[in-house]
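One structure is given here, and the rest of the page talks about it.
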Amino acid sequence: MLSPSITNYLNQAAREARVEMPEHTASLFDAGVLDSFSLVEFVSILEEEYGVRVSDAELKATNFETIAKIEAFISKNKVADL
Amino acid sequence: MSCYITACGAALPERIVTNDELASVLGVAPEWIVANSGIRERRWVDANQSASDLAAIAVRDALQQANLPAQAIDYLIGGTLSPDYQVPGIAPLVQRKLVECRQVPALDVRVGCAGLLYSLQIARGLMASNATNTVVCFGAEAQSKGLDLSSRSAELSMLFGDGAGAIVLNQKPSNPLSLRVDDVWLATDGTFAEELGVRAPGTANGARWWDEAQPDLLLPKMNGRTVILHAVRKLTEATFALLDRNQLSLDQIDLIVPHQANLNLLCALGKKLEIKDERIIVNLDRYGNTSSASTFLALHDAQPVLQRGARVLVLAFGAGFTWGAALLTATEA
């Protein structure tokens with residue numbers, strides 16, 4: 001599960017773009033919730049919220065394409081941090 | 001030994017390609033191009049014009065500004081992503097077109113959009129070793145010739161423009177105002193080589209360096225989202241690395257001259273660095289993304305607003321990935 005603030009961020013982005021939030025495994029890019037440029041801010045917010053640093057090797061758009069992928073990424077990196 | 005940029009030159013094709021013209025070809029709306037790039041028009045070469053043609057014009061312009069003949073060049077360094085030929089490189093062709101230029105070393109630097117920065121560091125090193133007195137560097141593109149103009153590549157093909165820029169470097173300042181090269185910080189991460197580039201012709205594509213069954217390999221490809229994520233991070237890191245080792249803060253930088261990739265990227269970078277838009281040079285609305293030529297043209301366009309003592313930060317990120325930053329200070333002769 002994503003934290004409430006991250007969920008709120010995505011919901012707000014969807015409202016501003018006047019699009020529906022996609023299914024768990026559907027692309028946030030294709031849905032119009034995130035684009036190339038809002039993704040930069042979104043990754044920064046994720047790093048701040050979860051206290052993780054996205055490594056250069058993992059700094060790929062595909063890691064943040066769906067809510068499921070974001071959850072998996074956060075889960076893996078939180079465990080790695082411990 | 002110091003190193004100064006004593007003059008800048010520029011060359012742009014005459015043909016202006018507006019968003020209205022390009023949008024209909026790419027199957028998108030002109031407004032979509034502006035919203036996704038900030039670009040309103042770009043220049044494209046005609047069929048009979050090559051990257052080295054533009055480069056030679058830009059170099060001659062820079063030499064004229066420096067009040068120097070081509071015979072004064074001790075070393076020529078240039079880059080392009082859209083070369084005249086696979087072999088030889090562009091620098092020997094420009095040396096030939098300058099006519100009066102002596103048989104000096106002419107070196108290609110294949111680092112795309114970061115070409116100015118890499119060239120600056122080489123030129124600075126050459127001067128520090130007293131190997132040369134006058135170095136000319138250039139970046140040139142005729143990349144419109146290699147674009148995929150179908151709707152599937154609209155996001156990429158809307159960006160690129162043609163043009164060339166050049167700088168003259170000398171051990172001493174001249175002209176009313178020169179730019180002292182104080183420091184250059186460079187980096188490379190080849191992990192992402194396939195995220196941005198043109199793969200053919202090349203020897204990593206099978207038995208032949210151009211497989212006719214895969215014509216798409218000849219076209220530029222970019223994973224835009226990943227490239228932008230890295231560009232903003234790396235340029236931010238490069239900025240602070242350079243400032244830290246020169247014991248400067250961003251407040252002490254008067255002007256940022258970035259590679260003109262995309263206006264939205266520049267806005268994201270500005271936001272990350274917490275600097276106001278008016279301190280960032282932007283000309284991509286008129287020229288588009290001119291890759292290797294981009295920072296040269298931006299530096300050329302920055303000249304009128306420079307005053308003595310102004311500190312300038314040049315930032316660039318490109319294929320490779322290669323990236324970096326340069327610190328310049330405007331100095332009177």
Side-chain angles (χ1 to χ4, degrees), chain A residues 2 5-6 9-10 12-19 21-22 24-74 76-77 80-81, chain B residues 28 32-39 152-156 158-159 187-196 221-241 258 261-274 277 284 289 317 320-323:
Chain A
L2 294 178
S5 65
I6 296 298
Y9 178 91
L10 291 173
Q12 177 69 22
R15 274 196 298 277
E16 284 175 10
R18 296 179 185 178
V19 297
M21 274 297 284
H24 212 60
T25 55
S27 171
L28 292 161
F29 303 126
D30 291 347
V33 177
L34 292 178
D35 63 22
S36 306
F37 305 101
S38 59
L39 180 61
V40 174
E41 183 180 56
F42 180 67
V43 171
S44 294
I45 289 169
L46 272 183
E47 288 183 322
E48 204 170 304
E49 174 72 11
Y50 292 99
V52 297
R53 156 88 174 171
V54 179
S55 69
D56 283 353
E58 291 184 306
L59 193 61
K60 295 175 179 173
T62 50
N63 282 333
F64 312 99
E65 185 159 12
T66 68
I67 292 170
K69 284 185 178 179
I70 296 166
E71 286 176 347
F73 179 81
I74 293 299
K76 188 179 102 181
N77 280 277
D81 270 8
Chain B
V28 296
W32 179 85
I33 296 179
V34 175
N36 285 282
S37 68
I39 296 164
R152 66 178 179 163
S153 292
E155 280 189 33
L156 188 62
M158 70 170 176
L159 296 173
T188 301
D189 185 353
T191 311
F192 299 94
E194 283 76 25
E195 301 291 335
L196 173 60
K221 293 288 175 214
M222 176 171 70
N223 183 343
R225 293 176 188 130
T226 295
V227 170
I228 289 164
L229 278 175
H230 279 269
V232 174
R233 172 183 280 187
K234 301 302 188 189
L235 292 177
T236 303
E237 290 173 353
T239 297
F240 289 115
N262 183 312
L263 187 60
N264 294 329
L265 192 157
L266 297 186
C267 290
L269 179 65
K271 200 171 172 183
K272 195 90 172 172
L273 294 175
E274 297 178 355
D277 293 350
L284 61 81
N289 178 342
F317 179 95
F321 298 140
T322 54
W323 69 96

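Every value quoted in this text rests on a predicted model; they were computed, and no experiment measured them. Just so you know, these numbers use all the heavy atoms, side chains as well, and skip hydrogens, waters and symmetry mates. So you know, we letter chains A, B, ... as the sequences are listed, proteins then strands, and number each from 1.
Contacts between residues 25-38 of chain A and chain B, counted as heavy-atom pairs separated by less than 4.5 Å, involve A/F29, A/S36, A/F37.
Note on B/N223, B/V227, B/N262: by heavy-atom pairs under 4.5 Å with chain A, the leading option is B/N262. With respect to chain B, the highest number of heavy-atom pairs below 4.5 Å among A/T62, A/L59, A/V54, A/V40 belongs to A/L59. The residue among B/T191, B/T226, B/V232, B/L229 with the most heavy atom pairs within less than 4.5 Å of chain A is B/L229.
For A/K69, the NZ atom sits in a packed shell: over 12 heavy atoms of surrounding residues, nucleotides or ligands are nearer than 6.0 Å. Within a 6.0 Å radius of NZ in B/K221, more than 12 heavy atoms belonging to other residues, nucleotides or ligands are found. Crowding of B/E155 atom CD: a count of heavy atoms from other residues, nucleotides or ligands under 6.0 Å not exceeding 12.
Heavy atoms closer than 4.5 Å to chain B are found in the side chain of A/V43, but not in its backbone. With a 4.5 angstrom heavy-atom cutoff, A/N63 does not touch chain B via any of its atoms.
Considering CZ of B/R225 and NZ of A/K60, their distance stands at 15.5 Å, rounded to 0.5 Å. How far CZ of B/R233 is from CG of A/D56: 5.0 Å, rounded to the nearest 0.5 Å. We find the CD1-CG distance between B/I228 and A/L39 to be 8.5 Å, quoted to the nearest 0.5 Å.
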